[in-house]
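Written out below as structure tokens is the structure these notes cover.
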Number of protein chains: 2
Amino acid sequence: MNKPALSRESVLDAALALADREGLPAVTVRRLAGEFGVTPMAMYWHFANKDELLAAMGQAVLFELEVQAEASFSELLRGLVTVLRKHPAAVSLVPTQMFATSQGLQVTERALALLAELGFSVGEAANIARTAMDLCVMLVVGEPGREIGMDECEREKHLAGKLAAIRGLSAEQYPHVLAAAEPLTGVGDAEEFYRSSVELFVAGVEARAFALR
Amino acid sequence: MNKPALSRESVLDAALALADREGLPAVTVRRLAGEFGVTPMAMYWHFANKDELLAAMGQAVLFELEVQAEASFSELLRGLVTVLRKHPAAVSLVPTQMFATSQGLQVTERALALLAELGFSVGEAANIARTAMDLCVMLVVGEPGREIGMDECEREKHLAGKLAAIRGLSAEQYPHVLAAAEPLTGVGDAEEFYRSSVELFVAGVEARAFALR
DNA sequence: ACCTGAACACCGTTCAAGT
DNA sequence: ACCTGAACACCGTTCAAGT
């Protein structure tokens, strides 16, 4: 439990780590101050207020993103997903910071360029690019069976409860839901889940582009 | 400002209305109690705690959903979107309540049935159905230019600021972003945005199903 | 069955003051 | 430049008590 010096960067690191450990609601001005052995008000030298802290956390997540100039659409999205998955609890802070960070602007730029090549209008391309990036966020935030802020044991109980609830359903009314109980409550292979979800979206984009001709 | 009697239902209505007016963070046990001219602790008779209140709000949103037995995949998603848009501020509470409500189970059941008909395995269908429903949530939550909890004037300023920020970007580095400044910051026609986003996803599902043969 | 009162341990934030 | 201290207006929640 070594305490690095208080600075914008060290606070941001601590905030992301805390979020990943105990969930975003655990990220509190007072709590962070406590971790640094410092008064809550010390934070207000480094951040105007908590909103600025949260915004900076969203930007910090995006900071690790590397956008290849020649990346394909699915490479772009997979790269984004990979970065987002490193800080699952902070991912919900990312969408608002997309245009506030050079990495976010770079993915957007590349995505728009690819969509223009495919023949989409500026407006269509903008909508698709936005939706694509929000999709990545959503996949990570909503990854089945990855509710954060609980330890392994607690999570298992929670998951077992959800499974049991579905198992108790009427087989006449919800046959498919019952048959899909496990894959609905927990994701089997996370890599496969992300890969195929991204591919599905890209397939839609390509099908739509083809229909434009 | 008439005060209906305090009850689970009336509290829920007030909570949804308050969320839509001022945003989800404004929904507070004490604030709601105040609206009913009652002590904060009175709430704890009707709800075990705030989490239960929020869960019930998510279910209440889903409550208005009507699932046609013969609905197509895109009809299903459009129906969901339509219901979600009625309470934009509470939409983020919906995903966890999908299997806790008969309406949520019905959309899921119908979606899984359609996906099975298209030839997807149980696991694939489950992933796609989940993603589809999360997509609907995400479209509403992330609708460009619809930041909630601010009045018309405030929203306009906020939007103008975002536009100005993009306009200040380097034209060499981000030509496509600059060209798409308006459609990226605000959605032109909301109906068109939702319709085409859903169609895009469905196109992906169909393209993928076709590839399975 | 339904609500109140007092109390507790938390929040974010301001403002003046210290070094 | 960077942090503290005291204070304010908020949170959710418990627990015993009232009607």
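Proteins come first, then strands; the chains are lettered A, B, ... in the order of their sequence lines, and each starts at number 1. FYI, side chains are in, hydrogens and waters are out, and symmetry mates aren't considered; it's all heavy atoms of this structure. Predicted model, so just to flag it, every value in this text is computed and none were measured.
Proximity of a side-chain donor or acceptor of A/T28 to a complementary backbone N or O of A/R31 within less than 3.5 Å is not detected.
Ion pairing of A/E154 with A/K157 is absent here, as no side-chain N (NZ or NE/NH1/NH2) approaches a carboxylate O to less than 4.0 Å. No salt bridge links B/E75 with B/R110; every basic N to acidic carboxylate O contact stays at or beyond 4.0 Å. Between B/E182 and B/R167, at least one side-chain nitrogen of the basic residue sits less than 4.0 Å from a carboxylate oxygen of the acidic one, meeting the salt-bridge criterion. Between B/E191 and B/R85, at least one side-chain N (NZ, or NE/NH1/NH2) sits under 4.0 Å from a carboxylate O, which counts as a salt bridge. A salt bridge links B/E35 to B/R21: one of the charged nitrogens lies within less than 4.0 Å of a carboxylate oxygen.
Along DNA chain C, the nucleotide nearest A/M41 and the nucleotide nearest A/R31 are compared for position; the residue whose nucleotide lies closer to the 5' end is A/R31.
Side-chain contact between B/F193 and B/P183: absent, with no pair of heavy atoms (C-beta onward) separated by less than 4.5 Å. Considering only heavy atoms from C-beta on, B/L115 comes within 4.5 Å of B/F73 through its side chain.
Each of B/L65, B/V83, B/L84, B/D134 was scored for a side chain to side chain contact (heavy atoms under 4.5 Å, CB included) with B/V94, with one residue passing: B/L84.
Taking every heavy atom of residues 44-61 of chain A and every atom of DNA chain C, pairs under 4.0 Å involve A/Y44, A/N49, A/K50, by number.
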Requested in this report: Report the secondary structure of DNA chain D in dot-bracket form, marking unpaired bases with a dot and bases paired to a different strand with |, and treating Watson-Crick or G-U pairs with both distances under 3.5 Å as paired.
Outcome: ||.|||||...|||||.||
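Annotation for A/A56 and A/R8: closest pair CB-NH1, 4.0 Å, computed over non-hydrogen atoms.
Running 5' to 3' along DNA chain C, contacts with non-hydrogen atoms of chain A at under 4.0 Å begin and end at C/dC11 to C/dT14.
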